[in-house]
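None of the values given here were measured: they were computed from a predicted structure. In what follows, every heavy atom counts, from backbone to side chain, and hydrogens, waters and symmetry copies are set aside.
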Amino acid sequence: MRIVALGGLGEVGRNMTVFEYRGKILIVDCGVLFPEEEQPGVDLILPDLSYLDGRMNDIVGVVLTHGHEDHIGAVPYLLKRRNDIPLLGSTLTLALIEAKLKEHRIKPVTRVVREGETDQLGPFDLEFVAVNHSIPDALAVAIKTGAGTVLHTGDFKMDQLPLDRRITDLRSFARLGEEGVDLFLTDSTNAEVPGFTSLERNIGPVLETIFGKADRRIIVASFSSHVHRVQQVLEAASAHGRKVALVGRSMVRNMKIAQELGYLHVPDGVLIDIKDVDKLPDDQVVLMCTGSQGEPMAALSRMANGTHRVEVGEDDTIVLASSLIPGNENAVFRVINGLMRLGAKVVHKGNANVHVSGHASGGELLYAYNIVKPKGVMPVHGEWRHLLANAKHAADTGVPEENIVIADDGWVVDLKDGRARVVGAVECDYVFVDGSSIGTITESDLEDRRVLAGEGFVSIVTTVRPEDATIITGPVIKTRGVAEEDSVFDWIQPKIAEAITEAMQEGVKDEQNLQQVIRRTIGRWISSKLRRRPMIVPTVIVVDREGREIGGKPKQLESGRSGGSRRRKR
C-alpha cells in the first residue's frame, strides 16, 4: 500500500492523505491551510492535487474524519474535478460539508458512517472508531488491505469527561492493536506538551465567572465550528440573563446545522438575531463571533480596526476562546492590541483558562501507543517539531526506531510486508486561492506583493527613437510607497537618459533590452543611496521618425526582482 500525504505534514492544516492499493485510491481528509502574513492577498491554500492528475477515476472515496476546515475545506476543489466521488463521514461532518458544497453548487454523493461500523470502498476495508476532539462526531479510521492495516486517528484527544459524553474508544484501539496495526498515523499537534490535555468542562466555570464580572457587552471569539464552546457560552449567558447573537456567516451557518441535528442545545429565548442587539442594554448582550486567529476578514479583526457594524466600546469584555495556531501569533496580538486601544478588556488563554486544546498531549499519546502496540508509526498533523516529538513518544513505548517514519508533504511511503519505508517523493507545492483564481498565483507573485508592501514602487517612462539614438520624452520617474519625494530622483534622471542614449548608440533598439538598461541603472543607485529595493517598472516606447510607435504591442512589464523559489524542492 502506498501512502502519500498531500498536506498536513510539516504544517498545521491542509490535511490530506492518499492511500493507494491495487490501482485504487482512498483519500482521508481534504482540508485547507489559512495564509500567513507573508502571503498577502491569498484567501486559502489547498493541497497540491496534481498528483491525482489522470487518476481521478481511480478514487473510490474520501473519508472525512471531522468537520474542521483544515480537514474538509478543500473538498469543493477536489469535487470540481470529479463530483461523484463518495464522501464518507459522520452526520455532523457531512452536514457541514454539504452546506459548503451548496455554495459551490455541487451536490455530493455522501454516505453517513458511525463509530463501530465497517464499510468497504474498492479494495479497502474500513472500520470507524469514535474519538474525542473539539468538534462533535470525530472519527478515527482503520484501513485494512492485503498489504497491512493502517489506523489513522484523525485529530483526537482523550477527554474522559467530554461535554457530549462521547469518549475516545480505547477499547476499539486495543482490539485493533491485538488484531495487528502495521502503521499507526497519530495526531502530533500537542506532542510537545507534557501530561494530559485539560478537560473541556473546566472552561464552563471560567466563562461563568467572566460573565458575572462583566458590566457591558461581552464578545466571545472562537472557531465557527466549535459547537462545545458555543454551548458553554449559551449556558453562561442564560445563567446571567444575557442574550446571544451569532456574528459571522460561517458561525451562523454552522450553529444552525448543529442545532437542527441536536448537537447544540439552545436555552429558551437566549439566541437572538444580530439586528436586535441594539434594542438591548449593553449588560444584556453577548456576541459570539469568528476571528480568534486574527483572520483579517473575520468579525473580530474588523471590530478591532473599526470596519465592522459592531463598535467595540470602553469596558467591553472580549474573550478569545481558542489556542494560537502556529504562525498566527502576530495577527492575534495585533487584534488584541487594537481591541485594548479601544478600551476593551481582553481575556485570552495567556491570562485565563478560557480554552483547552482539541489535541492529545504527550501523556495521551503514550497511552495510545501502549494500548495499540503498533508495529510501525507515522506521525501526522503537525510541524516538524511536533512530528519529531511524537516520534520520540513512539520510541519511548518500544516502537523500533527503524519502524518510525518521519515524512513531509509529498514524500512517498510504501507499506510492504508490514513495514513502512520512504521510497521517493512527488511534487507537492502550495496551491493558492486568490478570489476566483485557483493555482495561478505563484511564489513569484507573492514576492512582488511583499516588495510592493515593504519597499514601494518606482516607474520610469520614456519614449525613444533608436534610429538616431534620440530620447523623445522622459525619462519620467514616479514613485509610490518609497517614502521619498520624486525630486530625490532628479540626480539619477540624467544618468538614466545617458545610459539609454549610450545603449542605443551601441545598437540596442528593442524596448525590452532598453528596459533592462533602465532597471540596472536606477536599481544600483536606489540600492546604494536609499538603501531600498522597490519594485522597478520601466516602460520604453519605441517610435520611428514620424513618431509612430514601432510594434504597437506593449511588452509585459517585469519587476526586476527575483520571484523566490518554490516552497519545496524535491
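- Side-chain contact check for Val405 versus Ile3: every heavy-atom pair is 4.5 Å or farther apart.
- Under the 3.5 Å distance criterion, the side-chain polar atoms of Ser188 are matched with a main-chain donor or acceptor of Val380.
- Using a 4.5 Å heavy-atom cutoff, the side chains of Leu415 and Thr145 are not in contact.
- No donor-acceptor pair under 3.5 Å is formed between the side chain of Asp408 and the backbone N or O of Trp411.
- Panel note: side chain Asp70, backbone Gly31; no donor-acceptor pair is recorded below 3.5 Å.
- In this structure, His71 and His66 have tilted ring planes: the angle between them lies in the 30° to 60° band.
- Using a 4.0 Å cut-off between charged nitrogen and carboxylate oxygen, Glu383 and Arg385 count as a salt-bridge pair.
- Side chain of Glu311 to backbone of Gly306: no donor-acceptor contact under 3.5 angstrom is found.
- In this structure, Asn390 contributes its side chain and His386 its backbone to no donor-acceptor pair below 3.5 Å.
- The shortest side-chain heavy-atom distance between Val426 and Val412 falls under the 4.5 Å cut-off.
- Using modelled atom types and a 3.5 Å distance limit, the side chains of Glu427 and Ser50 yield no donor-acceptor pair.
- Judged by distance alone, the side chain of Arg14 and the main-chain N or O of Leu46 form a donor-acceptor pair under 3.5 Å.
- Between the side chain of His308 and the main chain of Val310, a donor-acceptor pair closer than 3.5 Å is present.
- The salt bridge (charged side-chain N to carboxylate O under 4.0 Å, His left out) search around Arg111 returns Asp119, not counting sequence neighbours.
- Distance alone, capped at 3.5 Å, places no donor-acceptor pair between the Thr186 side chain and the Pro379 backbone.
- Ring-plane geometry between Trp525 and Phe489 is classed as tilted, the angle between the planes lying from 30 to 60 degrees on a 0 to 90 degree scale.
- Annotation for Thr290 and Ala221: closest pair O-CB, 4.4 Å, computed over non-hydrogen atoms.
- Between the side chain of Asn305 and the backbone N or O of Ser301 there is at least one donor-acceptor pair closer than 3.5 Å.
- By the 4.5 Å heavy-atom criterion applied to side chains, Arg421 and Asp414 are not counted as neighbours.
- Using a 4.5 Å heavy-atom cutoff, the side chains of Asp29 and Met16 are not in contact.
- Note: His359 and His133 have perpendicular aromatic rings, judged against thresholds of 30 and 60 degrees for the angle between ring planes.
- Of all heavy-atom pairs spanning Thr93 and Gly67, the tightest one is OG1-N, 3.6 Å.
- Applying the salt bridge (Lys or Arg N to Asp or Glu O under 4.0 Å) test to every pair with at least one member in residues 76-85, sequence neighbours left out, gives these pairs: Asp53-Arg81, Arg82-Asp84.
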(request) Give the intermediate values and the outcome of side chain to side chain donor-acceptor pair (under 3.5 Å) for residues Asn254 and Ser225. (result) CA-CA 6 Å; Asn254 291 346; Ser225 55; 5.1 Å; no

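- At least one donor-acceptor pair under 3.5 Å links the side chain of Asp187 to the backbone N or O of Thr189.
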